[in-house]
There are 2 protein chains.
Amino acid sequence: MSERDDAPHDFSRAVLQPVSGYQAVAGFLRREMALGRIRPGDRLPPERRLAEQLGVSRETLRQALRILEGSGQIVISRGASGGAIVQDAALDPRLIREEVRTRSAEIGELTEFRSIVESGGAALAASRRSDADLEAMALAQRDLAAAVTKAESRIADTDFHIALAEASGNSFVRDAVEEARVRMFEPVDLMSFDFVKESSWAAHEQILDAVRRGDGEAADAAMRAHLRTTREEFTRVVES
Amino acid sequence: MSERDDAPHDFSRAVLQPVSGYQAVAGFLRREMALGRIRPGDRLPPERRLAEQLGVSRETLRQALRILEGSGQIVISRGASGGAIVQDAALDPRLIREEVRTRSAEIGELTEFRSIVESGGAALAASRRSDADLEAMALAQRDLAAAVTKAESRIADTDFHIALAEASGNSFVRDAVEEARVRMFEPVDLMSFDFVKESSWAAHEQILDAVRRGDGEAADAAMRAHLRTTREEFTRVVES
DNA sequence: GCTAATGGGCTAGAAAGTAGACCATTAGCC
DNA sequence: GGCTAATGGTCTACTTTCTAGCCCATTAGC
C-alpha cells in the first residue's frame, strides 16, 4: 500500500450542512418546477393533502410555501378553489446573462458532463426504446415546434431530453440527466437562454431519427453535436 | 403545449425522508471509507476536533460513531492515544455472493453507467492530464501490483479510477464516478469481488498508456473494455 | 345566505441538535 | 509510584425544528 500520511485526517472542507425539513420541501418543489413536472398555471394540491403526501406536517409545508411565495414562484390565494398557483417566472434577460457569466465555468463543465452522459444514454436508447418512449419524444418535439414562449420551449426541450434518458432503460443515466438539468436551470429558477428553437428542434429530430432506426452510434454522435451547439450558445451569451 | 392532466399532482411516491444530523455524519464517514480516503488501521481525529471540522456538535458526532461502532466498522478505546480505529471488515464470501445476487439488476445498471461516464472521463483525461495526475495513476497501479489482501486490491482499484476521474478536469465526472463507486461498494461495506487482480492491472495499464499518449479514443475504448470485463465478472458471480 | 373547501394562525409538546461543564480512563514521562 | 495530558463518557440546560390538533377567516358556488 502507498505511504499513508500519519497526519490526522482533515475534514474541514466537508461542510455537511443540515437541510431542515422545510428547506428540503422547498428544494423538492423547485426541482419539480425546473424539470417541468410542475408547470406555470398548475395548482398545487391543498396544503393538508400535499403535506400528507410529502410526509411532513402542515406547518413545515407552509414554511416551504412561504419560501416559494417569497421568490415569486407561487401565488397563494384563500377560499374555496384557492391555493398555490405556479407562476411563470419571466426573468430579466440582463439577469440571466449575468447569471450565465458568473457560472460560466460550472455551466461549461456541466454541458461537457451532459454530453458524455446523454450521448451514452442516446446510444443505449437506440437499442432499447419502446414505442411509448418514441411517442414521448415525438410529443416533446411537437410541443417544441408549437412553443411560443421561452418557458414553453424550455419545458419541451426538457421533456425531450428526459424522455430520451428514460428510454435508455438505465435509471442512473436518467437520474444523472435530471440532476444535471436541475443544476443548470434550477438556481436561477426557470433560467432560459436565447437558444435557437429551430436548431434545437432539428438536432432533436436527428437524434430521434437515429434512435428510431436503432443506430446507436449515430444517436451518440447526434447528441454530442447537439450539446456542442448548446455549449457554443453559452459561450456566445457570455461573450456578448 | 401538450395536454396537461387536470387531475391534481400526486407526490405520494416522493418520500423525501428527513436525514438527521447523526445519520448524515455516519453516511459521510462510511462514504469516505468506501472511497478509501479513510482506511483500515487509520485513527479518526479526536471527537472534539472532528465534530468541529464537520460542523456538528460533539453529541451528534458521537451518535454517528455509535452507529459505525455497532456495525463493526470502528473500534473505540479510551484514554490518551485512544480514539476510533477503522476496522478491516472481512466479509464472508457467501454474504458477498448473496448481496451481489440480490442487487444484480442494480449493479448491472451501475456498471453500464460507469462505463459511459468513466470512458468519457478517460477521453477527457487523455487531453488534459497533468504530470501529477499521471503520477497518481501510476502510484495506484504500483499499489495494485503490490496488493496482497482483497481490501488492498479494492482500495488500489478505487484510487486508480478516482485519479483518472480527477484527471478529466471535470468535477461532475469526478463526483459521478465517486458516487457510482460508493453505491457499488458502500451498502455492504467493503464488498469486494473475486476480480482477477492481474487482469484489472493490465486493463488499467492500457488505459493509463492511452491517457499518457493523449489518445482519447483509445482511452475511451480501453475503459469500456475494462468495465465490460467487470460486468462479465459480476455475471459470473451471480451465476456461480 | 348557506355550505364546503381552502389558507391563516395558535398552542402544547416531542424530537433533535447545541454548548458547556465535569467525570473516567489511559499512556507516557518524571 | 505519581503526575500530567489526551482522550472518550456522561449529564444538564437551552434552542430550534417539527408535529398534532384545533379553530378562525376567506371565498366560490349553489
Side-chain angles (χ1 to χ4, degrees), chain A residues 6-11 14-29 38 41-87, chain B residues 6-11 14-29 38 41-87:
Chain A
D6 261 8
H9 294 92
D10 178 13
F11 300 112
V15 213
L16 199 64
Q17 44 191 329
V19 177
S20 37
Y22 66 93
Q23 288 171 326
V25 172
F28 170 79
L29 292 174
I38 305 177
D42 287 359
R43 192 173 72 148
L44 297 184
E47 290 180 352
R48 291 169 177 84
R49 176 139 34 103
L50 184 51
E52 196 194 348
Q53 286 180 351
L54 295 177
V56 299
S57 72
R58 199 178 149 214
E59 279 298 337
T60 300
L61 168 64
R62 282 168 56 73
Q63 291 183 61
L65 294 180
R66 285 293 96 77
I67 293 178
L68 300 184
E69 190 181 27
S71 59
Q73 293 174 289
I74 58 173
V75 165
I76 301 176
S77 63
R78 299 169 67 168
S81 69
I85 305 292
V86 178
Q87 300 301 298
Chain B
D6 260 8
H9 294 92
D10 179 13
F11 299 112
V15 216
L16 198 65
Q17 45 192 328
V19 177
S20 38
Y22 66 92
Q23 287 171 326
V25 172
F28 170 79
L29 292 173
I38 305 177
D42 287 1
R43 192 173 71 147
L44 297 184
E47 291 181 351
R48 292 170 178 82
R49 175 138 36 102
L50 184 52
E52 195 195 347
Q53 286 180 350
L54 295 177
V56 298
S57 72
R58 198 178 150 215
E59 279 298 337
T60 300
L61 169 64
R62 282 168 57 71
Q63 291 184 63
L65 293 180
R66 285 295 93 75
I67 292 178
L68 299 184
E69 191 182 27
S71 59
Q73 294 174 289
I74 58 173
V75 165
I76 301 175
S77 63
R78 298 170 65 167
S81 67
I85 306 291
V86 178
Q87 301 301 298

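The figures that follow rest on heavy atoms only: side chains count, while hydrogens, waters and symmetry mates do not. Letters A, B, ... are given to chains in the order of the sequence lines, protein chains preceding strands, and every chain is numbered from 1.
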A.B. asks: Quick check: on DNA chain D, is the nucleotide nearest A:Leu61 upstream (toward 5') of the one nearest B:Arg66, or the reverse? Name the residue that is more 5'.
C.D. replies: B:Arg66
A.B. asks: Got a list of side-chain donor-acceptor pairs under 3.5 Å for residues 59-66 of chain A, not counting sequence neighbours?
C.D. replies:
unit_1: A:Thr60; atom_1: OG1; unit_2: A:Ser57; atom_2: OG; d: 3.1
unit_1: A:Arg62; atom_1: NH1; unit_2: A:Glu47; atom_2: OE1; d: 3.2
unit_1: A:Arg62; atom_1: NH1; unit_2: A:Glu47; atom_2: OE2; d: 3.0
unit_1: A:Arg66; atom_1: NE; unit_2: A:Glu69; atom_2: OE1; d: 2.9

A.B. asks: For B:Gln23, look at atom CD and say whether over 12 heavy atoms of other residues, nucleotides or ligands are found less than 6.0 Å away.
C.D. replies: yes
A.B. asks: Check the distance between D:dG8's P and B:Glu52's CD and give it to me in whole angstrom.
C.D. replies: 14 Å
A.B. asks: Both A:Ala84 and B:Val56 contact DNA chain C. Which one's nearest nucleotide lies toward the 5' end?
C.D. replies: A:Ala84
A.B. asks: In chain order, what residues pass the side chain to side chain contact (heavy atoms under 4.5 Å, CB included) check against B:Ile85, with sequence neighbours excluded?
C.D. replies: B:Arg43, B:Gln87
A.B. asks: Quick check for you: among D:dG9, C:dT18, D:dT17, whose closest atom lies nearest to any side-chain atom of B:Ile76?
C.D. replies: D:dG9
A.B. asks: In Å, rounded to the nearest 0.5 Å, how long is the span from CG of A:Leu50 to CG of A:Leu29?
C.D. replies: 6.5 Å
A.B. asks: Between the two ends of the helix from C:dG1-D:dC30 to C:dC30-D:dG1, what is the bend in degrees, rounded to 10 degrees, where each end axis spans five pairs?
C.D. replies: 10°
A.B. asks: Expressed in angstrom and rounded to an integer, what is the separation of B:Ile85 atom CD1 from D:dT7 atom C1'?
C.D. replies: 12 Å
A.B. asks: Nearest 0.5 angstrom please: B:His9 NE2 to A:Asp42 CG, how far?
C.D. replies: 4.0 Å
A.B. asks: Looking at every non-hydrogen atom in both residues, tell me the closest pair between B:Ala84 and B:Ile76 and how far apart they are.
C.D. replies: CB-CG1, 4.1 Å
A.B. asks: Just how far, in rounded Å, is P of D:dT19 from CG of A:Leu50?
C.D. replies: 13 Å
A.B. asks: What nucleotide, of C:dT18, D:dG8, C:dG7, holds the atom closest to the side chain of A:Pro46?
C.D. replies: C:dG7
A.B. asks: In whole Å, what is the span from the CZ atom of B:Arg62 to the P atom of C:dA19?
C.D. replies: 16 Å
A.B. asks: Per the side chain to side chain contact (heavy atoms under 4.5 Å, CB included) rule, which among A:Leu68, A:Val86, A:Ile38 passes with A:Gln73?
C.D. replies: A:Leu68
A.B. asks: Check the distance between D:dG9's P and B:Gln63's CD and give it to me in whole angstrom.
C.D. replies: 13 Å
A.B. asks: Tell me every residue that passes side chain to side chain donor-acceptor pair (under 3.5 Å) with A:Ser81, counting only those two or more places apart in sequence or in another chain.
C.D. replies: none
A.B. asks: Using atom CG of B:Leu65 as one end and atom C1' of D:dT10 as the other, report the distance to the nearest whole Å.
C.D. replies: 15 Å
A.B. asks: Please report the distance, rounded to the nearest Å, between CG in A:Leu44 and C1' in C:dA5.
C.D. replies: 16 Å
A.B. asks: In this structure, how many angstroms lie between the C1' atom of C:dA16 and the OH atom of B:Tyr22, rounded?
C.D. replies: 9 Å
A.B. asks: Do nucleotides 20-30 of chain C as a string where each nucleotide becomes B, S or -: B if the base has a protein heavy atom under 4.0 Å, S if just the sugar-phosphate does, - if no protein is that close.
C.D. replies: -BB-BBBS---
A.B. asks: Using side chain to side chain contact (heavy atoms under 4.5 Å, CB included) as the criterion, list what pairs up with B:Ile67, not counting sequence neighbours.
C.D. replies: B:Tyr22, B:Ala26, B:Arg30
